[in-house]
Amino acid sequence: MKNLFLKIKKRINNQSKKFSIILTAIFVIILSLSEAVLIEWVHIGDDSLAIQWILNNTTFFVLSFFVIFLVNSAFFAVFFRPWTVAGVSFPLFMLLPIINEQKIIARGEVLMPFDLFAAKEGLDMAPEYFQMSNKYITLLIIFVLIILASLLIKKIKLSIRARLISSLLIIIISFSASYLTFISDDSLENKHFIVMVWAPGAEYSENGLLNGFVMNIKRMKYEPPEDYDYESVVSAAKLLNISKEDNNVKEIPDEEKPNIIIIMAESFWDVAQCDNIDVYPDPMAKIKKLSQEGYFTTGNALSNALGGGTINPEYEFLTGKSCSFYPIGSFPFQQYLHDTQWALPYYFSDIGYSVKGMHPNTGKFWRRDAVYPLLGFKETFFSEDLPAAKYIPLYVSDNDFADYLIDIFEKDPDDPTFIFGITIQNHGPYSEGRYSENEYETEGNISDELKTQMNVFAKGVSDAQEMFLYVTDYFKNIKRPTYVYMFGDHAPGFVSDPSFYKGSSDGTLSYEDNFRIHNLPVICWNNKGEMMELFDTVSMFDLQTMIFNNAGLKLPIYSKINENAMKYTRGFTWDITLDENGYPIKKIPDKTQDIIDAMEILQYDDLYGEKYLTEKYLK
């Protein structure tokens, strides 16, 4: 064995520079080709389907290979060692399909460039969600073989001048290729790629995972609306019937200021949306019965998230702004919120409220400890600020959340109070054995794994229901008028499986069933025994309007914009638009589209533009 090793080493050392250069070039080409094939193999998940995709989409595959080849060439220009190139390149490119696959498993969504901003959160959650696959073992074996092959090539020794020239050449070629492929108006992307901004998963499937991911990198910048200027802002304001009077917040006597308690419940979603199964008993039975008796008022909210990403519906609710006007898949909390921004906490602080935000998870998660003060929260309470709690089994229980909320309220019991709290108990994964007893049973033509997940999930919904009843029971004894709202942040990722729905029996989720998934219950209660405004589905950013109207408070300017827009659309996400009655529509009427465009102009103007609306037009 030792003699064999010495012979191999001798042959490597005897390689001429020219031969080593040829071997290196062949190695980089084979490495790049292997990575291009393996990316689609892991992404598609089936040998024959992966081969079929490559054969049917030669242009896209060659382009993917070319991108990888340019990156590997750049690595070589830096390291000049084949084994170092392979050691960096292979793990880097294989992480793309692996993370994409794991995100689909955990949340039912594909990997987006914006997820890189949430890398820490992803790493924290990985131990709970990661599912091992034989494909990953195969990749590890291939990686070892590639590294061994790279060691058979003699290191090329070049002068500094030669290195600089080759590096410069690679940079020029890479930039030119990128420009022709993705940047120019006449690019290959514009000519040949199938653009489906509203459906990134389908876009990845059509164009290839790497190409689709690169396309979305280009979309990361928040671009101003077309023709944005003072005149366009004035036109948008007139279209939405906004006047100077709407920019003034009325003073309210202290005794007329009601407490506003908001609970955003983790994965609070009605299992009855799944019309192809039955869950016994109904985990929301008590709330539904009390609603029929007039004790609660109910409605629905359209969430822009699924299986995770709470911060996006959270952002929409607090700010009254739509995430749909940001690049698709982005997280404003992570990427764009680095300065103060108007939100509900500022509104309530300005009119003399005690304003508090709470979430029984670490403040570092999703940057809430940095973002909440920028949104106007005067006091914040995260897991590090709360006493020891009961965990079920991974997260703070809803029961303890309710006690924390009440304790926080009682710090200033005589002041009008606004509290925004987010629960965490019903966070996934929904694994068997999470609760000591299985109280729910799911019937229907779905897999046993999905039945188990649904049973565990239903228990979490039921516990959220009990928590809400506990909180309202406490506040009914408070003298000051008090309004308590609870709504979900998103549905759990596993309910995106088409087998849950009759309308998706062909294995593809229908537009209507996609709406069902993103349609979340809203429960409203007050201690005055008054019936509140009953509403069909509205967007998260429209909930502010309902809350202000129910409490008899004057709408701030951007809530007024949303209220006026609701005459044409009750809201929208990146891929769902509602009509004026809260029903999903596939074809958007021209007038409705004009209203949405006007909202986008006014939102951009306020957040990143010149503030023409508030600083000039409404002065």
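- Side-chain N or O atoms of Asp415 include none that pairs as donor or acceptor with a backbone N or O of Thr417 at under 3.5 Å.
- The main-chain N or O of Lys459 is never found under 3.5 Å from a side-chain atom of Glu439 such that the two would form a donor-acceptor pair.
- Between Lys502 and Glu512 there is no salt bridge, since no side-chain N of the basic residue sits under 4.0 Å from a carboxylate O of the acidic one.
- Going from atom OG of Ser349 over to atom NZ of Lys378 covers 4.5 Å, rounded to the nearest 0.5 Å.
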Show your working on side-chain hydrogen bond (donor to acceptor under 3.5 Å, both in side chains) between Asp597 and Gln593 and close with a plain yes or no. CA-CA 6 Å; Asp597 293 342; Gln593 188 60 58; 3.0 Å; yes

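- The ring-ring contact (aromatic ring centres under 6.0 Å, His included) test with Phe377 is passed by exactly one of Tyr372, Phe382, Tyr346: Tyr372.
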Audit row: Glu266, Thr310, side chain to side chain contact (heavy atoms under 4.5 Å, CB included) steps and yes/no: CA-CA 8 Å; Glu266 173 65 46; Thr310 298; 3.8 Å; yes

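- More than 12 heavy-atom neighbours from other residues, nucleotides or ligands sit within 6.0 angstrom of CD on Glu530.
- Summarising the geometry of Asp398 relative to Met467, their closest heavy-atom pair is O-CG, 3.3 Å, with the distance given to 0.1 Å.
- Residue Lys451 qualifies as enclosed at atom NZ: its count of foreign heavy atoms under 6.0 Å is above 12.
- Between Leu520 atom CG and Ser267 atom OG the span is 9.0 Å, to the nearest 0.5 Å.
- Scanning all heavy atoms of the two residues, the minimum distance from Leu306 to His518 falls at CB-NE2, 4.0 Å.
- With hydrogens and angles ignored, the 3.5 Å screen pairs no side-chain donor or acceptor of Tyr501 with any backbone N or O of Ser496.
- For Tyr485, the ring pair (Phe, Tyr, Trp, His ring centres under 6.0 Å) test picks out no residue, with sequence neighbours left out.
- Annotation: side chain of Ile588 is not in contact with side chain of Thr569 (no heavy-atom distance under 4.5 Å).
- At a cut-off of 3.5 Å, with distance as the only test, no side-chain donor of Tyr395 or Asn426 sits close to an acceptor on the other residue.
- Residue pairs meeting the side-chain hydrogen bond (donor to acceptor under 3.5 Å, both in side chains) criterion with at least one member in residues 538-548, sequence neighbours excluded, are Gln544-Ser559.
- In summary, the aromatic rings of Phe541 and Phe572 are positioned with their centroids under 6.0 Å apart.
- Of all heavy-atom pairs spanning Gln465 and Pro283, the tightest one is NE2-O, 3.2 Å.
- The existence of a salt bridge linking Lys411 and Glu379 is excluded, since no basic side-chain nitrogen approaches an acidic carboxylate oxygen closer than 4.0 Å.
- With ring centers used as reference points, Phe418 lies 6.0 Å or more from Tyr347.
- A distance of 10.0 Å separates CG of Asn300 from CG of Leu543, quoted to the nearest 0.5 Å.
- Ser462 and Tyr440 are linked by a side-chain donor-acceptor pair at a separation below 3.5 angstrom, with hydrogens and angles left out of the test.
- Of the possible donor and acceptor atoms, one in the side chain of Arg516 sits under 3.5 Å from a partner among the backbone N and O of Gln273.
- Side-chain atoms of Tyr315 and Tyr326 include a donor-acceptor pair closer than 3.5 Å.
- A heavy-atom distance below 4.5 Å is not found between the side chains of Leu607 and Tyr336.
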Verdict with supporting geometry, Ser397 and Asn399, side-chain hydrogen bond (donor to acceptor under 3.5 Å, both in side chains): CA-CA 5 Å; Ser397 71; Asn399 192 48; 5.3 Å; no

Please set out all donor-acceptor pairs under 3.5 angstrom arising from side-chain atoms of residues 578-585, sequence neighbours excluded.
from	atom 1	to	atom 2	distance (Å)
Asp579	OD1	Asn581	N	2.8
Asp579	OD1	Gly582	N	3.0
Asp579	OD1	Tyr583	N	2.9

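- For the ring-ring contact (aromatic ring centres under 6.0 Å, His included) criterion with Phe457, the lone passing option out of Phe500, Tyr430, Tyr435, Phe268 is Tyr430.
- Counting non-hydrogen atoms of other residues, nucleotides and ligands closer than 6.0 Å to NZ of Lys288 gives a total above 12.
- Of all heavy-atom pairs between Asn312 and Cys323, the closest is O-SG, 3.7 Å.
- Because its NZ or CZ atom is both nearer than 6.0 Å to the ring centre of Tyr558 and within 45° of the ring axis, Lys321 counts as a cation-pi partner of that residue.
- Atom-to-atom distance recorded for Glu314:CD and Asn304:CG is 11.0 Å, nearest 0.5 angstrom.
- Below 30°, between 30° and 60°, or above 60°: for Phe296 and Phe468 the angle between ring planes is between 30° and 60°, a tilted geometry.
- Counting only N and O atoms by type, the side chains of Asn259 and Thr482 include a donor and acceptor under 3.5 Å apart.
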Please report the C-alpha distance between Tyr483 and Phe548 in whole Å, then the side-chain angles of each, then the deciding distance to 0.1 Å, and finally whether the ring-ring contact (aromatic ring centres under 6.0 Å, His included) criterion is met. CA-CA 10 Å; Tyr483 294 81; Phe548 285 126; over 10 Å; no

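- Expressed to the nearest 0.5 Å, how far CG of Leu375 lies from CZ of Arg368 amounts to 11.0 Å.
- A side-chain N or O of Thr573 and one of Asp575 form a donor-acceptor pair less than 3.5 Å apart.
- Ion pairing between Asp594 and Lys591 fails under the 4.0 Å rule for side-chain N and carboxylate O.
- No hydrogens or angles considered: nothing links the side chains of Thr472 and Tyr295 as a donor-acceptor pair under 3.5 Å.
- The side-chain heavy atoms of Pro313 and Met264, taken from C-beta on, include a pair separated by under 4.5 Å.
- Closest approach of Ser504 to Ser510, counting heavy atoms only: OG-N, 3.0 Å.
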Mind running side chain to side chain contact (heavy atoms under 4.5 Å, CB included) on Glu203 and Val110 for me, showing each step along the way? CA-CA 10 Å; Glu203 198 172 54; Val110 297; over 6 Å; no

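- Annotation: Glu384, atom CD; neighbour count of heavy atoms from other residues, nucleotides and ligands within 6.0 Å is above 12.
- Other residues, nucleotides and ligands place more than 12 heavy atoms under 6.0 Å from the NZ atom of Lys611.
- Minimum interatomic distance between Asp412 and Ser354 (heavy atoms only, all atoms of both residues): OD2-OG, 3.5 Å.
- You'll find the side chain of Ile277 stays beyond 4.5 Å of the side chain of Leu450, heavy atoms only.
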Side chain to side chain contact (heavy atoms under 4.5 Å, CB included) between Ile596 and Phe325, worked out: CA-CA 10 Å; Ile596 294 172; Phe325 299 140; 3.9 Å; yes

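- Note: Trp366 and Phe331 have tilted aromatic rings, judged against thresholds of 30 and 60 degrees for the angle between ring planes.
- At a threshold of 4.5 Å between non-hydrogen side-chain atoms, the residues Glu449 and Phe494 do not count as touching.
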Asn562/Val538 under side chain to side chain contact (heavy atoms under 4.5 Å, CB included): CA gap, chis, key distance, verdict: CA-CA 10 Å; Asn562 293 339; Val538 298; over 6 Å; no

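- If you take CG on Leu318 and CD1 on Ile311, they are separated by 11.5 Å, rounding to the nearest 0.5 Å.
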